[in-house]
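Some notes on the structure that comes next.
Computed from a predicted model, the values in this text were never measured in an experiment. As the structure lists them, so they are numbered: ligands from 1, and atoms in each ligand from 1.
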Amino acid sequence: MPELELKTSEKLYKEALSLLPGGVSSPVRAVKPFPFYAARARGSRIFDVDGNEYIDYCMGYGPLILGHAHPAVEEAVRTQLEKGWLFGTPHELELKLAKKIVRHYKSIEMVRFVNSGTEATMSAIRLARGFTGREKILKVEGGFHGAHDAVLVRAGSAATAVPASKGIPKGVIENTLQVPFNDVEALSEVVERNRDELAAFILEPVLGNVGLILPEEGYLEEVRKITAENDVLLIFDEIITGFRLGMGGAQERFGVRPDITTLGKVVGGGFPLGVVGARREIMEHMAPAGDVYQAGTFNGNPISLCAGLAAVETLEREKIHTKLEKLGDELVRALEDIISDRKLGGVSISGIASMFQIFFGQFDGRPPRNYEEALKCDKEKYLELFWRMLRRGVFLPPSQFETCFISAAHSDEDIETTIEAYDRSLA
Ligand SMILES: *Cc1c(COP(=O)(O)O)cnc(C)c1O
């Protein structure tokens with residue numbers, strides 16, 4: 001295996017350890033024994049400070065569906081920079097991007113622009129509570145909705161709920177119930193038992209933060225039915241899947257309409273942006289139209305909006321999802337072949353559209369169907385795969401519990417190189 005020269009990265013990380021907790025700005029980046037330091041990135045490639053070049057499947061953890069530094073986004077941002085980057089007063093880009101979102105998401109009639117996915121789910125939950133007048137929310141075990149108090153709960157039933165972090169008041173966690181993914185019976189039981197107190201069920205329609213876990217046939221339809229019958233709002237957290245599984249996200253792909261949607265990542269074209277969207281009746285409860293407070297200095301800032309608009313227009317114009325489906329299928333099929341050819345009994349692969357992940361675990365011949373199974377997968381083996389792939393010039397997200405992303409910038413050649421790297425690395 002080729003050796004990797006990472007001296008400068010190692011040196012920078014040592015220094016960072018004295019300046020940033022754990023040496024990083026967000027936990028997953030603290031790869032053991034040390035992460036590489038990025039110098040620049042373009043297209044499907046990211047370059048480190050020691051001069052190494054990698055084909056990138058981390059892609060900023062999801063936003064960069066067009067690849068790094070896409071010219072259409074770059075051009076939009078440059079043009080906007082000349083006009084100014086913060087106004088503190090309404091501007092036309094808000095209408096332009098809102099119209100695009102409303103067009104592609106039938107469940108959405110109005111939007112609020114915020115600055116991150118975390119802010120979007122935080123605001124969506126407050127909106128659901130304000131709209132229904134109820135306090136409890138329900139989420140999926142292993143479902144990730146950002147880094148705010150209400151959603152940082154460990155797996156476990158309501159009675160045994162444990163915060164996933166220090167610093168979270170018990171009272172907050174007690175209002176967050178959890179159910180396993182792909183379990184209709186558990187859902188219907190919890191929803192019926194708590195219906196008078198439950199404001200909303202929030203879930204990622206495709207779990208993208210415990211590796212990649214797909215909804216089983218009919219699950220999302222049942223989710224919609226159970227929540228509707230019990231008068232509980234359904235929030236789809238489409239921060240990964242929105243504009244990724246197709247222009248209309250998971251709700252279009254699976255034909256299931258939520259009450260509230262959160263978007264992020266792709267919708268910002270690689271700049272910080274979050275969106276809360278719903279039908280008018282719900283959205284008009286948000287301030288200043290209604291009395292659910294939500295505000296932000298950088299909400300709807302013109303740089304994020306013009307980048308997002310350029311990205312969405314490019315996705316529309318160039319029919320990028322069709323190409324991504326093809327590359328995704330090809331890669332997943334090749335990985336399945338590698339697994340069977342090399343008789344890797346304990347390995348499974350999960351994939352949809354331009355998302356995929358290998359699991360070092362296998363359950364009756366399939367990848368995990370919920371968090372409990374995902375936890376049984378071998379994280380150490382995955383980290384070993386991460387380093388083997390990196391030495392062969394392929395940058396995967398550095399955790400078994402993340403998802404790989406293909407972008408429009410990945411060429412057929414990139415995919416071939418990647419398949420070969422997997423084949424050797426899994427040997
Ligand atoms: C990334 C992510 C978030 C949080 O978004 P940030 O922009 O990182 O705050 C929320 N939900 C899901 C499903 C995500 O993947």
Side-chain angles (χ1 to χ4, degrees), residues 24-30 57-65 105 112-128 137-153 164-165 176 178 181 200-215 220 223 234-245 249-251 253-254 258 260-277 294 296 298-301 303-305 307-308 311 350 352-357 371 374 397-405:
V24 291
S25 299
S26 192
V28 71
R29 299 176 201 168
Y57 290 91
C58 189
M59 279 292 159
Y61 291 95
L64 301 171
I65 195 168
Y105 292 78
R112 167 62 51 92
F113 292 115
V114 295
N115 300 291
S116 67
T118 293
E119 281 180 44
T121 64
M122 189 175 78
S123 308
I125 288 169
R126 185 179 303 144
L127 179 62
I137 58 160
L138 178 63
K139 70 179 281 293
V140 161
E141 287 172 9
F144 180 73
H145 307 290
H148 58 93
D149 288 3
V151 290
L152 285 178
V153 198
S165 160
T176 304
Q178 300 206 93
F181 195 56
F201 178 31
I202 181 167
L203 84 161
E204 301 165 82
V206 169
L207 298 190
N209 290 281
V210 279
L212 176 66
I213 302 184
L214 305 186
L220 295 174
V223 163
L234 176 59
I235 306 175
F236 270 6
D237 180 352
E238 295 231 42
I239 287 166
I240 286 186
T241 52
F243 292 106
R244 161 90 41 196
L245 298 189
Q251 49 195 272
R253 195 173 181 113
F254 295 102
I260 302 178
T261 301
T262 54
L263 299 170
K265 296 191 171 132
V266 172
V267 77
F271 286 77
L273 182 61
V275 178
V276 183
Q294 202 296 318
F298 296 103
N299 278 6
N301 79 81
I303 298 299
S304 292
L305 292 201
S350 177
I352 183 170
S354 52
M355 300 164 67
F356 67 96
Q357 185 56 296
Y371 185 52
S399 160
Q400 173 71 94
F401 300 131
E402 299 289 343
T403 296
C404 301
F405 296 100

May I ask you to check whether [X] has an N/O atom sitting below 3.5 Å from an N/O atom of ligand 1?
X      : value
Ile240 : no
Thr118 : yes
Asp237 : yes

Give me the one residue out of His145, Glu204, Gln178 that meets side-chain hydrogen bond (donor to acceptor under 3.5 Å, both in side chains) with Lys139. Gln178
How far apart are the C-alpha atoms of Glu119 and His148, what are their side-chain angles, what is the distance that settles it, and do they pass the side chain to side chain contact (heavy atoms under 4.5 Å, CB included) test? CA-CA 8 Å; Glu119 281 180 44; His148 58 93; over 6 Å; no
Single hit among Leu207, Val223, Val206 for side-chain contact (heavy atoms from CB on, under 4.5 Å) with Phe181: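 When side-chain contact (heavy atoms from CB on, under 4.5 Å) is applied between Phe181 and each of Leu207, Val223, Val206, only Leu207 qualifies.
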Side chains of Arg126 and Gln294 only: does a donor on one sit below 3.5 Å from an acceptor on the other?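 Judged by distance alone, the side chains do not pair up.
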Residue Glu204 vicinity, atoms of ligand 1 by number, heavy atom under 4.0 Å: 13 (C)
Should you measure from each heavy atom of Ser116, which atoms of ligand 1 turn up under 4.0 Å away? 7 (O), 9 (O)
I want to know whether Tyr105 and Phe243 have ring centres closer than 6.0 Å.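 Centroid separation for Tyr105 and Phe243: below 6.0 Å.
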Can you name the closest pair of heavy atoms from Ala124 and Ile235 and give their distance? O-CD1, 4.1 Å
Shortest non-hydrogen contact from Ile240 to Gly208?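 That would be CD1-O, 3.8 Å.
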What part of [X], side chain from CB on, backbone N/CA/C/O, both or neither, has a heavy atom under 4.0 Å from ligand 1?
X      : answer
Ile239 : side chain
His145 : backbone
Asn209 : side chain

Which residue owns the protein heavy atom closest to atom 6 (P) of ligand 1, what's the atom, and how far is it? Gly117 N, 3.4 Å
For Lys265 and ligand 1, answer yes if some heavy atom of the residue is under 4.0 Å from a ligand atom, otherwise no. yes
